[in-house]
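Atoms within each ligand, like the ligands themselves, are counted from 1 in listed order. Side chains included, hydrogens not; waters and symmetry mates left out as well; all remaining heavy atoms used.
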Amino acid sequence: MEIVKIDGLKKYYNMKNDVVKAVDGITLTIVKGKFVAIIGASGSGKTTLLNCIACLDVPTEGSIYLGDSNLCELDESR
Ligand SMILES: Nc1ncnc2c1ncn2[C@@H]1O[C@H](COP(=O)(O)OP(=O)(O)O)[C@@H](O)[C@H]1O
Ligand SMILES: [Mg+2]
């Protein structure tokens, strides 16, 4: 059973003079009962990814399903 399903996730930050591509097209599925570690160099986008999964940040593009809910389609209150 899939509990987290991410497709084509991008998170870009528009800065004054450039665009920071913190997450640039991630696709991954996490199934129930699996232990998953996200590893990567400092600045590679781990925290940004987790913030998007946790609804603390809004993706620029792509979809995140937690169970049957597409987080990107929830309104602010939900
Ligand atoms: N709020 C933000 N505004 C602008 N750039 C950001 C912001 N948060 C993270 N970044 C940039 O996005 C990239 C990924 O950062 P981050 O997700 O914190 O990486 P990690 O957790 O893997 O170290 C870095 O280049 C970082 O500087
Ligand atoms: Mg981090």
Confirm or rule out an N/O/S atom of T47, from backbone or side chain, lying less than 2.8 Å from the Mg ion (ligand 2). yes
To the nearest 0.5 angstrom, please state how far the CD1 atom of I30 sits from the CD1 atom of I6. 6.0 Å
Where is the nearest protein heavy atom to atom 18 (O) of ligand 1: which residue, which atom, and how far? T47 CB, 3.8 Å
Determine, stepwise, if the pair T27 / D7 fulfils side-chain hydrogen bond (donor to acceptor under 3.5 Å, both in side chains). CA-CA 4 Å; T27 295; D7 195 24; 3.3 Å; yes
Which ligand 1 atoms does M15 reach within 4.0 Å, using its non-hydrogen atoms? 4 (C)
Does ligand 1 have an atom under 4.0 Å from some heavy atom of G45? yes
Quick one: does K11 get within less than 4.0 Å of ligand 1, heavy atoms only? no
Among protein heavy atoms, which lies nearest atom 16 (P) of ligand 1, and at what distance? T48 OG1, 3.7 Å
Give yes or no for whether the N/O distance cutoff of 3.5 Å, strictly under, is met between G43 and ligand 1. yes
Can you see whether Y13 has K11 sitting over its ring - NZ or CZ less than 6.0 Å from the centre and within 45° of the normal? yes
Looking only at heavy atoms, the pair that brings L50 and I38 closest together is CD2-CD1, 3.7 Å
Per-atom contact, atom 4 (C) of ligand 1, protein heavy atoms, under 4.0 angstrom: yes
Does K5 reach the main-chain N or O of N70 with its side chain, forming a donor-acceptor pair under 3.5 Å? no
Around atom 1 (N) of ligand 1, find the nearest protein heavy atom and jot down its residue, atom name and distance. Y13 CE2, 3.5 Å
Any protein heavy atom sitting closer than 4.0 Å to atom 20 (P) of ligand 1? yes
When you measure from atom 12 (O) of ligand 1 to every protein heavy atom, which one gives the shortest distance, and what is it? A22 CB, 3.2 Å
Rounding to 0.5 Å, atoms CD (E73) and OG (S63) come to a distance of 8.5 Å
Can any side-chain N or O of T60 pair as donor or acceptor with the backbone N or O of Y12 at less than 3.5 Å? yes
Contact (N/O only, under 3.5 Å) between V20 and ligand 1: no
Any side-chain heavy atom of T29 within less than 4.5 Å of one from V4? no
Show which atoms of ligand 1 fall inside a sub-4.0 Å distance from at least one heavy-atom site of A41. 22 (O)
Exercise: identify the closest heavy-atom pair between I64 and P59: CD1-CG, 4.0 Å
